[in-house]
There are 2 protein chains.
Amino acid sequence: MDYKDFENCGLKKALDMLSGKWKPMILYFLFYQGEFRFNDLWRSIPRISKKVLMEHLQEMVGNDLVIRREVNGFPSEVRYALSRKGKALGPVLSALDEFGNTSNLN
Amino acid sequence: MDYKDFENCGLKKALDMLSGKWKPMILYFLFYQGEFRFNDLWRSIPRISKKVLMEHLQEMVGNDLVIRREVNGFPSEVRYALSRKGKALGPVLSALDEFGNTSNLN
DNA sequence: AAACCAAGTTACTCAAAAGTAACTTGCTTG
DNA sequence: CAAGCAAGTTACTTTTGAGTAACTTGGTTT
């Protein structure tokens, strides 16, 4: 086994998709709330900056975890929601959540 | 639901334990190799610095994922291995790995 | 046409994480 | 007793990520 094997293993890819200060929180909102508009989410999360929220969403769209949908109407509206792939993260995030809640074993 | 709920949920705790440029790689080695000595691991991973390897290991020991054991002998030797809690991460990391390897669904 | 809103973008600053290389401690073999 | 090795530590630099606030675009109401 060699570090090279690691460099493009699935674990690394998956953790890269989740890396970013606010990404887990964004996913949390997406799972509990289904869909949201950019400014609504921005106002829901204290202290997040528009810039970083934007960057995170764009990365998640790039990773096919999130779908961005423009609704034509007024005021102009863009909705973000989990893609099929994003939804497939559900059980994995639950497993992580459960692990994180487990009190120390050893 | 409120962002406060997120701040100390298990998901956040778990992801914090995994955050750090080289931590997933260290876990990868621990799972495949069982145990290692500090310098051996350091030499196995090109480009990692001693300082960061040390910091990562200390955090993981602090999170009870890894156990540090001093073997008295010469040259002096310290062995790092997964704790019971660390081993419990196995299935979770496998799930992440599988997710990361899944080609795009949507 | 002025004021307003959503959704971005931009230039710039600040903070956190990681990298580098030299140094330390303690024990040992030549 | 000098040189050597494991396991750190330290002071310092560089890189990366996040924060701030002002600006833009395009359509809307008054």
Side-chain angles (χ1 to χ4, degrees), chain A residues 3 6-7 12-30 33-63 65-81, chain B residues 3 6-7 12-30 33-63 65-81:
Chain A
Y3 84 98
F6 178 77
E7 286 301 322
K12 183 154 194 317
K13 285 181 200 159
L15 288 168
D16 284 350
M17 288 182 204
L18 299 177
S19 86
K21 181 166 177 185
W22 303 95
K23 263 189 214 165
M25 184 131 171
I26 294 169
L27 286 165
Y28 185 83
F29 273 82
L30 280 164
Q33 198 170 292
E35 226 189 13
F36 51 67
R37 300 170 65 178
F38 181 82
N39 276 326
D40 289 345
L41 183 61
W42 179 59
R43 281 187 283 260
S44 304
I45 306 180
R47 288 184 301 280
I48 197 174
S49 68
K50 253 178 153 177
K51 182 194 143 226
V52 170
L53 177 55
M54 201 57 212
E55 285 168 357
H56 281 15
L57 285 171
Q58 284 169 351
E59 276 176 49
M60 292 165 95
V61 169
N63 290 328
L65 297 179
V66 165
I67 288 169
R68 177 184 179 281
R69 184 165 63 88
E70 290 185 23
V71 179
N72 55 355
F74 180 78
S76 83
E77 186 179 335
V78 176
R79 291 185 173 273
Y80 292 89
Chain B
Y3 83 100
F6 177 76
E7 287 301 320
K12 184 156 192 319
K13 286 181 200 160
L15 287 168
D16 284 350
M17 289 182 204
L18 299 177
S19 85
K21 182 166 177 184
W22 303 95
K23 263 189 215 166
M25 184 131 171
I26 294 168
L27 286 165
Y28 185 83
F29 273 81
L30 281 164
Q33 199 168 293
E35 225 188 15
F36 51 69
R37 300 170 66 177
F38 180 81
N39 276 325
D40 289 346
L41 183 62
W42 179 58
R43 282 187 282 262
S44 303
I45 307 181
R47 290 184 299 280
I48 198 174
S49 66
K50 254 177 154 179
K51 182 195 143 223
V52 170
L53 177 55
M54 200 57 211
E55 284 168 358
H56 281 15
L57 285 171
Q58 284 170 352
E59 277 175 50
M60 291 163 97
V61 169
N63 289 328
L65 297 179
V66 166
I67 287 169
R68 177 186 179 281
R69 184 166 64 90
E70 289 185 24
V71 179
N72 54 355
F74 179 77
S76 83
E77 187 179 334
V78 175
R79 290 185 173 274
Y80 292 90

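Residue numbers start from 1 in every chain, and the chains themselves are labelled A, B, ... in the order their sequence lines are given, proteins ahead of strands. Please read these numbers as outputs of a predicted model, since none were measured by experiment.
Annotation: side chain of B:L41 is not in contact with side chain of B:Y80 (no heavy-atom distance under 4.5 Å).
By the side-chain hydrogen bond (donor to acceptor under 3.5 Å, both in side chains) test, A:K13 pairs with no residue at all, sequence neighbours left out. For B:E77, the side-chain hydrogen bond (donor to acceptor under 3.5 Å, both in side chains) partners are B:R79, not counting sequence neighbours. Among residues two or more places apart in sequence or in another chain, the side-chain hydrogen bond (donor to acceptor under 3.5 Å, both in side chains) test is passed with A:N39 by none. For B:Q58, there are no side-chain hydrogen bond (donor to acceptor under 3.5 Å, both in side chains) partners, not counting sequence neighbours.
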Identify all pairs in which a protein N or O lies below 3.5 Å from an N or O of nucleotides 11-18 of chain D, and state each distance.
| from | atom 1 | to | atom 2 | distance (Å) |
| --- | --- | --- | --- | --- |
| D:dA18 | OP1 | A:K21 | N | 2.6 |
| D:dA18 | N7 | A:K51 | NZ | 3.2 |

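Across all their heavy atoms, B:L15 and A:P24 have their closest contact at CD1-CG, 3.5 Å. Of all heavy-atom pairs between B:E59 and B:S19, the closest is OE1-O, 4.4 Å.
Between the P atom of D:dA6 and the CZ atom of B:F74 lies a distance of 8 Å, rounded to the nearest Å. At whole-Å resolution of the value, CG in B:N72 and P in D:dA7 are 13 Å apart. Rounded to whole Å, the distance from CZ on B:F36 to C1' on D:dA7 is 14 Å. D:dA7 atom C1' lies 11 Å from atom CZ of B:R43, rounded to whole Å.
With a heavy-atom cut-off of 4.0 Å to chain A, the contacted part of DNA chain C has its first and last nucleotide at C:dA6 to C:dA11.
Along DNA chain D, the nucleotide nearest to B:Q58 and the one nearest to B:R37 differ in position, and the one closer to the 5' end is contacted by B:R37.
At the heavy-atom level, B:R68 lies under 4.0 Å from the strands shown only through sugar-phosphate atoms.
Using a distance-only test at 3.5 Å, with no hydrogens or angles considered, a donor-acceptor pair links the side chain of A:H56 to the main chain of A:W22.
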